[in-house]
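Have a look at the structure below before the remarks.
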Amino acid sequence: MTMPQTQKTLTVTIDGIRTQVPDGTLVIEAARRVGVMVPHFCYHPKLKPDANCRMCLVEIEKIPKLQTSCSTRVADGMVVRSSVPHVEAARKSVLELLLGNHPLDCPVCDQGGRCDLQDFSHEYTPTVSRFKELKRVFPKQYLGSVIETQMNRCVSCMRCVRYCDEVMDAKALAAVGRGTLTQITHWSGNELECDMCGGCIQICPVGAITSRLSMYDYRPWMLKRTETICSFCGDGCQITVQRKDDQLIEVNSALGAGRNNGDLCARGYFGYHAGAHPDRVQHPLIRQPDGSFAAVTWEDALEHVARKLLTLKSAYGSDAIAGLMTARCTNEDMYVFQKFMRLVVGTNQIDSSARYGYVNGVRALRRVQGTHRWTVRYEDVLQADGIMLIGTNVHETNPITALQVKQAVKRNGATLMTLESLLPVRSTVSNITTLSRHHLTVRNGRFDAAIVGLLKAVCELQLVNAEVAERAPEFVQTIQAKVAGVSWQTIHEQSGLLQRDVEAAARAYGQSRRAVTLVGQDVLRAVGGEAMVTNLLDVQILTGHLQREGSGLGCLAEENNEQGAIEMGVTAEYLPGPSPLDETGSTAAFAQAWGQALPTGASATLMHVLRRAKAGDVKALFIVGENPVASLPPDAAVTDALDALDFLVCQELFLTETAKRAHVVLPACSAMEKDGTFTNTEGHVQPVRQAVEPVGESRPDWEMFSALSVLMEHPIEYGDVKDVFKEIRRIIPGYGLLGPASTPQPVNADVVARYVDGGFKEDVDRRYTLNQPTPESQGGMTLKLLQSVYHSGKYSTRAKGLMEVQGEGLLQINASEATRLGVKEGDAVCLSNEHGRATVSVTLNDRVPDAVAWFPEHFDEPVRPLFSLTVDPQTHVPVWKTTHVTITNVNDRPAGEGEIHDVMSF
Amino acid sequence: MKTFDPILLKNMQQPGYTGSLAEYERAGGYQALKQVLAGVPPDDVIDLVKKSGLRGRGGAGFPTGVKWGFIPKDHPGPKYLCCNADESEPGTFKDRQLMERDPHQVLEGIAIACYAIGAQTAYIYIRGEFRLGAKILERAIAEAREAGHVGADVYGSGVTIQIYVHAGAGAYICGEETALLESLEGKRGKPRTKPPFPATHGLYQKPTVVNNVETLANVPHIVKRGSDWFASIGSPPKSTGTRIFCLSGHVCRPGNYELPVNATFRDLIYELGGGMRSDKPLKAFIPGGASAPFLTPDHVDVQLDFESVALAGSMSGSGGVTAMEEGTSMVWAALRLMEFFYHESCGKCTPCREGSAWIVQILQRIQNKQGRREDLGTLTDVCGNIGGRTVCAFGDAEIAPVLSTLKYWRHEYEALIEEAETLNAGRKAKDIPVLSVS
Amino acid sequence: MLRAKYQNVIDDLLSRYPVKQSALLPLLNLAQKEEGYVSQAAMKEIAGILDLTPPQVFETVTFYTMLSLKPIGKFHVQVCRSLMCALVGADNLLGWLQKHLGIGVGQTTQDKMFTLSAVECLGSCGTGPMFQINDDYYERLTEEKVGRILEDLRQTGDCAMKSGPFLL
């Protein structure tokens with residue numbers, strides 16, 4: 001459905017109720033507005049009308065036959081009747097026909113109790129059926145490891161197939177056969193391969209497609225429901241967690257709920273068991289002299305931590321203590337943590353996992369346009385006529401943001417431009433680049449060259465906005481001069497892009513009326529990420545999009561609360577707000593608000609903290625949910641740093657590689673076990689609600705900081721978590737309305753003016769100079785760690801449903817590389833480089849470019865030793881997820897090569 | 001009946017006529033196309049066809065010129081013509097003859113239609129089983145392209161007309177115009193909900209006309225001989241011209257007969273068809289393909305035009321006339337057709353998908369002497385719940401054989417049910433075999 | 001693989017349509033002609049050629065009764081069983097075939113030579129009873145003709161009794 005062009009209003013009378021609706025409204029939607037519920041199966045607001053179930057027939061005056069209200073648009077003066085006897089008779093008849101072959105197995109059907117067929121039957125059908133023939137019987141099928149189909153229950157409404165195509169763009173489901181023998185399946189007996197979004201299960205009006213995770217474990221009416229926010233990626237989907245007693249049964253999302261409008265991804269739909277994994281830390285643990293952990297009481301554990309921190313503080317000063325925090329925590333946890341670190345411990349050495357790259361984007365946004373958030377939101381993506389994705393891999397990293405892009409393209413006809421490091425190859429797992437009008441496959445991770453190419457095209461094709469040229473001539477001329485100094489040849493050599501392709505994309509972007517740019521991990525988590533985002537903002541300025549209504553740039557958060565980590569002040573350079581830590585004005589304001597002067601010591605980023613720990617300058621480290629041992633490659637020497645500490649305290653759900661090295665482990669609640677708020681990548685502050693009881697003795701993180709503050713005789717106390725949020729709102733005025741979508745932050749015109757009038761000069765030379773390509777090893781391949789749609793960090797690998805879908809890391813290469821290497825699906829290969837060697841199994845994926853291999857980062861343990869670390873000199877972002885390797889077929893390995901130590905073999 | 005000079009079958013009735021381009025041209029072929037491309041404005045061609053009263057020969061009988069007129073004139077993008085050669089209606093086999101015996105007549109009609117509606121591309125959607133017809137058409141298109149009758153810049157007029165043959169793969173429903181479009185787009189052939197109509201949102205969502213083979217074959221003759229001539233034949237003003245009637249069943253001489261539509265079924269069955277093949281008299285006939293309700297010997301003097309057949313309670317449909325002799329079981333005949341419809345239901349709409357299976361199951365039971373007294377009520381009711389309740393006309397079509405045989409030969413159903421009751425008296429319900437549809 | 005053998009045919013087909021997917025049925029017909037049925041490999045390859053997913057190809061295959069997902073005999077005998085042919089002896093024809101071939105409907109002879117199917121209307125109602133064998137129609141059949149046709153096909157792989165262009 002395209003956006004209604006004219007907002008004409010029409011009058012319609014439904015069952016005697018007159019109402020006004022906008023032009024283009026379907027009769028069934030008009031009826032719902034006046035409280036007339038027309039029964040239906042195949043209609044769904046997300047899908048194009050198909051009018052196949054014939055359940056929603058209504059009488060429309062002056063039309064002889066009954067009409068389907070799901071496909072008929074309201075005409076002015078239309079008179080509709082939905083409850084006259086012959087309409088009801090038609091509905092009864094549809095139900096009689098549907099029930100004819102239905103197995104009536106409601107007692108063992110997971111949908112029983114929330115089934116449209118059951119409900120409508122109850123309302124319309126007599127209890128005796130005239131159908132006395134033999135029923136058609138289909139055997140039940142497993143569509144892969146987590147989905148079951150019972151086609152005898154199917155009403156052939158095709159909602160699943162249509163959703164899979166129209167919304168997900170996966171086209172993984174097939175309606176097979178014809179007539180009454182039509183069945184929903186994948187294809188030709190093959191195991192289902194798709195995005196595993198669970199959308200088919202959610203949208204099925206009956207029990208034909210169900211989840212195997214909790215099959216037969218419940219009856220829907222036994223379930224207690226909690227509305228909360230998903231804790232995987234930055235999209236921040238609203239989910240309904242359903243439990244029977246304290247057993248997690250299901251997660252789904254209601255149509256209209258949250259920013260996701262009821263849509264979910266594999267992680268949201270099938271990943272809810274992550275926090276329920278049996279390996280959860282149940283009790284506070286203190287390391288014993290023999291190196292083992294002993295479970296202790298909360299009192300003992302907290303007193304031990306408080307005492308140690310106070311001792312070290314008095315012995316070595318406040319800056320001998322530092323804190324690291326995961327961006328998966330709630331805003332409240334983060335806020336209290338930084339306040340605890342600053343006021344109780346007395347240090348500014350706090351950093352979070354936003355350091356892995358998200359901070360690059362925020363820094364650029366703040367510098368150029370004076371905001372720390374997107375200036376657009378999902379609604380603008382939907383209304384955009386031009387969308388540019390840069391290094392996002394969005395359908396895997398931020399699947400719900402990807403749905404907005406898909407809708408914008410498929411329904412509203414937006415032009416999509418993609419600069420991505422994958423090929424636009426279609427399969428039954430969705431691939432956003434297949435929807436792209438201008439797809440540019442960026443090679444060698446050289447997004448810097450690609451972006452300079454865009455700027456060059458903008459300048460050379462006269463796409464520079466006239467007003468901008470007039471208002472900021474020096475800015476425009478400087479950039480024109482800079483890009484003139486970079487040849488298309490260089491851009492091509494570095495990024496693999498051709499001039500005409502870049503020009504076509506730039507033209508489409510420049511000519512858009514509402515243009516949205518989304519930037520992803522390939523840019524944000526790269527060396528020079530801040531510079532690249534800044535350059536993309538230069539594109540925005542030059543084309544006049546920066547300050548245009550509906551246009552804007554957004555950086556995609558990989559973790560659920562990276563935005564919150566910035567705004568709550570747990571990132572080295574920021575206080576809550578975020579207010580810059582290095583600004584006297586803001587430190588003074590905080591001192592006043594908190595009634596205490598802020599520590600004067602320097603802040604420290606993650607890499608600084610580790611370096612200082614290794615050097616013995618930091619003696620104690622307080623790590624909340626972060627796992628640097630597994631998040632950085634061996635040459636980051638994290639273990640050396642941790643082993644040098646006098647005291648390591650970890651607040652964790654699991655005994656991670658990092659927590660195993662701790663002196664004290666404090667069991668923390670998962671997001672499903674506590675209240676609070678998350679701020680999604682768009683900047684929406686959303687309520688997190690406790691859905692299940694905390695596992696063991698685990699407690700919300702903020703409570704532990706608060707308890708420690710009391711024991712450290714510097715109490716930071718709150719009645720409950722709501723009081724924390726109240727304080728946040730007092731500190732950051734207007735923070736999080738928690739209501740419907742808030743309006744995005746506007747671009748700060750003063751900041752833009754400062755930037756174009758001279759600010760840009762500060763680093764313009766560096767930003768427009770392309771580094772020479774890093775030399776590749778001869779005949780080698782680029783190995784890249786990549787996010788999968790089925791996982792989020794390492795946390796999701798604890799979720800049994802997701803492990804069923806993807807339970808191990810396989811090396812993905814394309815078919816021609818496989819041929820070249822002489823390997824086939826499932827074969828073991830050896831990866832080696834100067835850092836080490838690893839043996840992994842191969843899977844074929846034709847969206848991987850030539851000379852590139854992908855490996856899912858969630859399972860990176862065996863290959864991690866092959867990588868080495870680079871730290872961004874400006875923003876201290878640790879970058880390491882790309883390396884060069886030689887791949888050999890294990891069977892071909894020549895003898896005598898065994899002297900290199902095998903780091904991991906399967 | 002007066003002797004009549006055929007229009008569409010004329011060429012092929014000449015001894016030795018093979019349908020080659022040379023022979024077609026010798027018989028005056030492509031003159032009409034030359035004539036319109038020499039400067040008749042497209043709108044005038046549409047007017048001409050409107051005035052001729054030509055109506056669709058595929059079954060629905062919609063006025064062809066009016067259909068062409070629905071194509072938006074100012075549409076900037078491409079427009080399409082689809083020639084519906086998916087002839088699949090049981091009892092109908094005229095298009096096959098037109099395509100195999102005189103393919104250029106069809107191509108010329110297509111070319112003129114393309115010009116009239118402003119389409120540069122036409123697809124002939126031919127049913128997959130007609131391999132021979134497809135080959136003949138392919139060859140004819142190559143000949144016509146070679147001779148410059150179709151292709152780019154036809155006769156130097158600047159008009160481009162490309163014609164392609166597109167073969168189906170076995171699905172009756174693809175004869176329904178929107179299902180045809182879906183199939184041509186490479187999808188499952190499921191009818192679309194209307195509106196929007198093909199005239200504005202057809203093939204690839206572009207303005208599209210879908211016309212039957214016979215309809216298009218008439219067009220060159222109308223252009224050559226004028227609308228008045230055409231409109232004077234048959235039963236003006238509503239049913240004009242001739243139609244090819246396909247005669248099948250228990251007659252002496254089954255085959256295709258081209259007749260002006262003011263002829264009667266008697267003329268067709270008894271005069272041209274030579275009457276019944278044995279001494280058994282006519283018991284029933286289907287007047288317009290499997291989708292048309294059965295008629296009785298009382299109706300043989302009804303005229304063949306759309307209105308007269310409708311008045312008699314059936315429809316002229318696709319022109320397939322099937323005669324059945326005394327002794328033919330009407331329950332069996334209805335079952336055979338119902339099995340066809342069950343097999344061909346695309347499965348989109350609940351009433352047709354589920355209803356067709358249910359009706360087949362009931363009819364099979366009755367036929368196999370396992371009928372029950374309440375079955376006839378259920379049959380009538382289920383049919384009533386299909387008719388008018390589906391996206392396309394298939395639903396209305398499939399109930400025609402059942403309802404019409406129930407109307408005229410209810411006693412045959414009742415007799416079988418009575419037999420079943422006698423047979424099954426004393427048998428426990430569980431001992432009565434149950435049938436399943438295959 | 002189709003591409004290796006029929007690249008020109010495929011290019012010609014693709015040139016006929018503004019939207020690639022339209023070439024799906026023609027390519028499936030080609031695949032079936034090549035292998036006698038539509039194999040999984042063919043469906044995957046066609047999906048690749050047309051930028052579709054295999055399920056899209058698969059669901060289309062299953063809608064059309066002429067396309068087979070399983071290998072069938074060298075000669076596919078398809079008997080029209082619809083009413084018009086049934087009135088003039090389609091059921092007898094099926095009986096003759098079952099007798100001559102020694103197989104039932106839906107079965108294939110041991111030598112993989114013949115597969116027998118009963119199908120719905122083939123548009124040959126005036127010339128029944130009839131069947132289609134592969135691309136060809138055989139009409140106005142009698143038991144004697146059926147015997148000769150099967151024999152010819154078995155012996156020579158062809159039969160002169162197939163229908164030419166529709167005769168009046």
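Note on naming: letters A, B, ... go to the chains in the order of the sequence lines (proteins, then strands), and numbering restarts at 1 for each one.
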Whether the side chain of [X] engages the backbone of [Y] through a donor-acceptor N/O pair (distance < 3.5 Å, no angle test) should be reported.
| X | Y | result |
| --- | --- | --- |
| A/Arg159 | A/Cys200 | no |
| A/Thr210 | A/Ile147 | no |
| A/Thr418 | A/Glu420 | no |

Margin query: So which atom in C/Phe58 and which in C/Leu69 form the shortest heavy-atom distance, rounded to 0.1 Å?
Written below: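 Nearest pair, atom of C/Phe58 first, then C/Leu69: CE1-CD1, 3.7 Å.
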
Note to self: On a heavy-atom basis, which atom in A/Phe270 and which in A/Ser211 lie closest, and how many Å separate them?
What the structure shows: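 Closest approach of A/Phe270 to A/Ser211, heavy atoms only: CE2-OG, 3.8 Å.
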
May I have a table of the donor-acceptor pairs connecting chain A and chain C at distances under 3.5 Å?
| residue | atom | partner | partner atom | Å |
| --- | --- | --- | --- | --- |
| A/Lys171 | O | C/Thr53 | OG1 | 2.7 |
| A/Ala175 | N | C/Glu59 | OE1 | 2.6 |
| A/Gly177 | N | C/Thr62 | OG1 | 2.8 |
| A/Arg178 | NH1 | C/Phe63 | O | 2.8 |
| A/Ser188 | O | C/Gln40 | NE2 | 2.9 |
| A/Ser188 | OG | C/Gln40 | NE2 | 3.2 |
| A/Asn190 | ND2 | C/Gln40 | OE1 | 3.1 |

Check: Do C/Val57 and C/Val38 pass the side-chain contact (heavy atoms from CB on, under 4.5 Å) test, and can you show the C-alpha distance, the side-chain angles, and the key distance before you say yes or no?
Finding: CA-CA 10 Å; C/Val57 176; C/Val38 182; 5.8 Å; no

